[in-house]
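Report on the following structure.
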Amino acid sequence: MKLFIVESPTKARTIKKYLGKGFVVKATMGHVKDLPEKELGVDPETLEAKYVYRKGKKKLVDELKRLAQRSEEVYLGTDPDREGEAIAYFLREELKRKNPKIKRATFREVTESAIKKSVRSAGELDMNLVKAQFARRILDRLIGYLLSPVLWDAFKNPKLSAGRVQSPALRLLVERERQIEGFKKRKYYLVKAVLRTPSGEKLEAYYDYRYENPSDAKVVAEKLKEAFFSVKSVKLKKEKVAPPKPFITSTLQAEADAKLGLPPEKTQKLAQFLYEQGFITYPRTDSYRINPEAAKAFTEFIKKTYGEEFVGRLRRFKARATAQEAHEAVRPTAAKPSVPVEGPASKLYGLIFNRTVASLMKEAEVERQEVKLEAVSPSLKRPLELLAKGARMLFPGWMLAYPYELKQKPLPELEEGTLLELEEVKIEEREVKPPERYTEGTLVKTLEKLGIGRPSTYAQIVKTLKERGYVEKKGKYLVPTELAKKVVDYLSEHYPLLVDYGFTAEVEKKLDEVEEGRRDWKEVVREFKRKVMGE
DNA sequence: CAGTGAGCGAGCTTCCGCTTGACTT
């Protein structure tokens, strides 16, 4: 008997099917050891750390020890990323006395061929990855556990917290709120002419200037009322609109929030359910990759449903520098458009299905239309130029599968020199809008762009900010409290690097060097600790 | 003697990232 260990019980079930009788497949359900919760657990000078069993994991590790002892070989098939390598490391340390024949097996897709290959090519642990995880973990602990008490003292409030992820996230919310508070309402006025073409179609054109004063707009409007209008130029431009990328965790959460009104936490719960039922791939991912065999099945679906001319290609995308790419994109496991499930889970599945299909379809083709009109009148020294913009769908491509609204309507067909009949001159009052508050979805997307947080934690970040009394949700919008503003001001003044939006990216860069064996992990931790704490 | 206040000490609070099910509200 051989023992194969993974993180997710769902993966364990699938892999058991692929590997068959000779294997026992077990799941760790994440990390088994971690720094202790109730104490710092790290010597701030030597960086020696104390790792303890996580809640409930002692029993599990004992079980694994028992199984390891009875096994010919042990395969550590945890995720092929920094955290997964660390989990494998702690497992090896626990199990090696029971069975020294321990190998590291890695795969990026849960397919039979990938799993079998991982067994054949299993090898050594990558200690550089493990060291990078130590650095990440310990730096986060030092920052969080040294700075939070500073806030307790400064604010006489023992529930506050600070951290590498939550503090810049909070700063985003506070800065946006202040932009909104400081926003001065400004109105402006547009002069528009409603015209009729010789064939009787309506056309709206506007004078391209924002008047701050309605009386100025009125002067122009009066002149237009007695003007003659003709088409000066017609510019048509063909434009290709690329299909969207398939979903990763951050974009799924953002899109489900915007389109289905599901906050990230709810989306993750539903996605986890769909994953456990075998309907979708792993829901916590930062990779856009799609297994080529699976892509083929979706392509067949596109051919059958929309026709050959709608078939696009499997595109590859460069992931962000911070991405670990341990899994595929979030996609259906089969090219079936629905699933025997009701309610929001089925809606979410539909969104994932359509997005996956769309990502493999042909570009849409849109015609951008720009018509310039000339208004001539005795009261005008020079002719006035009016503008009309429109868009026309030439070929919908992927937009058939994943609805997308063109913001502009098509213009009537026009030729240079055509005379137009004036129907009405309007003055439209418009307002310059203040920036919009973040929703949970847009915050997640922003954090992901900055490389802050990971797929497994995006949904948790807002929850933490709420628990600390930093954020309240009003409708779908996130509103920082007065306390949050004070805390951000305090941190900005005393610990500017902590709330620097580029800080995590800087850390990641150095962690990459640790992963490549070019830098000592303790050096990295000490350097950042010094820089953050301001020593 | 009961009530009050100062002083002291113990215990609690806190990070990010990986994964579910067992537990309580």
Side-chain angles (χ1 to χ4, degrees), chain A residues 5-13 26-42 44 49 51 54-57 59-60 77-91 130 132-170 249 268-269 271-273 275-276 282-286 322 324 326-327 447 451-461 463-465 467-470 487 491 495 498 503-504 507-508 511 525 528-529 532-533:
Chain A
I5 304 175
V6 295
E7 293 178 47
S8 156
T10 307
K11 273 188 199 172
R13 249 190 297 137
K26 286 282 166 186
T28 68
M29 294 189 275
H31 279 287
V32 294
K33 297 192 104 176
D34 192 12
L35 299 171
E37 234 179 295
K38 307 276 177 203
E39 51 173 313
L40 186 58
V42 182
Y51 282 92
R54 292 174 56 92
K55 220 181 276 161
K57 294 299 166 80
K59 222 176 108 186
L60 187 138
T78 49
D79 294 352
D81 56 23
R82 207 156 58 206
E83 300 297 325
E85 204 73 12
I87 295 171
Y89 167 80
F90 285 112
L91 287 174
V130 175
Q133 197 273 349
F134 290 168
R136 197 284 301 160
R137 180 67 188 96
I138 288 172
L139 181 62
D140 281 339
R141 169 54 65 94
L142 288 173
I143 291 174
Y145 274 37
L146 294 178
L147 287 189
S148 296
V150 172
L151 293 181
W152 305 342
D153 285 349
F155 290 85
K156 308 281 172 248
N157 182 344
K159 279 209 178 91
L160 303 185
S161 63
R164 173 178 58 81
V165 167
Q166 62 170 277
S167 294
L170 191 60
T249 305
Q268 276 321 104
K269 276 222 173 81
Q272 179 68 19
F273 170 77
Y275 164 66
E276 285 170 9
Y282 197 70
R284 289 174 289 276
T285 180
D286 53 19
T322 54
Q324 302 267 316
H327 309 92
L447 290 173
I452 297 173
R454 300 280 309 133
S456 67
T457 59
Y458 293 135
Q460 181 64 39
I461 295 169
K463 213 176 161 192
T464 302
L465 296 179
E467 279 168 12
R468 302 283 171 274
Y470 291 151
V487 167
L491 293 174
Y495 306 97
L498 177 74
F503 177 51
T504 287
V507 172
E508 286 290 341
L511 292 181
V525 174
F528 281 120
K529 178 185 167 249
V532 171
M533 306 301 282

Distance, rounded to the nearest Å, where I138(A) contributes CD1 and dC15(B) contributes C1': 13 Å
T457(A) vs dC16(B): side-chain N/O to OP1/OP2 distance below 4.0 Å: no
Sugar-phosphate only, base, or nothing, as touched by G453(A) at under 4.0 Å among non-hydrogen atoms: sugar-phosphate
E83(A): partners by salt bridge (charged side-chain N to carboxylate O under 4.0 Å, His left out), with sequence neighbours left out: R136(A)
Sugar-phosphate only, base, or nothing, as touched by T464(A) at under 4.0 Å among non-hydrogen atoms: sugar-phosphate
Short side-chain N/O contact to dC18(B) OP1/OP2 from S456(A), under 4.0 Å: yes
Sugar-phosphate, base or nothing in reach of A27(A), heavy atoms under 4.0 Å: nothing
For atom CD of Q272(A) and atom P of dG21(B), their distance in whole Å: 8 Å
Residue pairs fulfilling side-chain hydrogen bond (donor to acceptor under 3.5 Å, both in side chains) with at least one residue in residues 451-460 of chain A, sequence neighbours excluded: D286(A)-R454(A)
Upstream residue (5' side of DNA chain B) when L146(A) and H327(A) are each assigned their closest nucleotide: L146(A)
Atom-to-atom span, CE of M29(A) to C1' of dC23(B) - whole angstrom: 14 Å
Distance-only polar pair, side chains of R284(A) and Q268(A), donor-acceptor under 3.5 Å: no
Residue pair P44(A) / L40(A): nearest heavy atoms and the distance that separates them: CG-CD2, 4.0 Å
Whole-Å distance separating the NZ atom of K33(A) from the C1' atom of dG17(B): 18 Å
Touch class at under 4.0 angstrom, heavy-atom based, for E276(A) against every strand present: sugar-phosphate
Separation of dT20(B) C1' from H31(A) NE2 (nearest whole Å): 14 Å
Residue pairs, two or more places apart or on separate chains, that pass side-chain hydrogen bond (donor to acceptor under 3.5 Å, both in side chains) and touch residues 142-157 of chain A: none
Residue-phosphate contact under 4.0 Å: Q460(A) side-chain N/O, dC16(B) OP1/OP2: no
S167(A) side chain to Y495(A) side chain, donor-acceptor N/O pair below 3.5 angstrom: no
Partner set under ring-ring contact (aromatic ring centres under 6.0 Å, His included) for F155(A), not counting sequence neighbours: Y490(A)
Value in whole Å for how far the P atom of dT14(B) lies from CG of D140(A): 16 Å
Between dT20(B) (P) and F273(A) (CZ): distance, integer Å: 14 Å
Contiguous pairing runs of three or more, Watson-Crick or G-U under 3.5 Å, that involve DNA chain B: none
Nucleotide of dT20(B), dG17(B), dC15(B) approaching Y275(A) most closely (side-chain heavy atoms): dT20(B)
Nearest-nucleotide 5' precedence on DNA chain B, S8(A) against R136(A): R136(A)
side-chain contact (heavy atoms from CB on, under 4.5 Å) against A88(A), all qualifying residues, sequence neighbours excluded: L76(A), T78(A), R104(A), L125(A)
Atom pair distance, as rounded to whole Å: CD in E7(A) and C1' in dG17(B): 10 Å
Residue pairs fulfilling salt bridge (Lys or Arg N to Asp or Glu O under 4.0 Å) with at least one residue in residues 27-36 of chain A, sequence neighbours excluded: K33(A)-E94(A), D34(A)-R54(A), D34(A)-R137(A)
Partner residues of F503(A) under the ring-ring contact (aromatic ring centres under 6.0 Å, His included) criterion, sequence neighbours left out: F528(A)
N or O in side chain of R137(A) less than 4.0 angstrom from dC18(B) OP1/OP2: no
Ring-ring centroid check Y89(A) F134(A), cutoff 6.0 Å: yes
Sugar-phosphate, base or nothing in reach of R454(A), heavy atoms under 4.0 Å: sugar-phosphate
Sugar-phosphate only, base, or nothing, as touched by G30(A) at under 4.0 Å among non-hydrogen atoms: base
Sugar-phosphate, base or nothing in reach of R54(A), heavy atoms under 4.0 Å: base
Where protein sits on nucleotides 5-13 of chain B, one letter per nucleotide: B base, S sugar-phosphate only, - none, heavy atoms under 4.0 Å: --------B
Sugar-phosphate, base or nothing in reach of L142(A), heavy atoms under 4.0 Å: nothing
Sugar-phosphate only, base, or nothing, as touched by Q133(A) at under 4.0 Å among non-hydrogen atoms: nothing
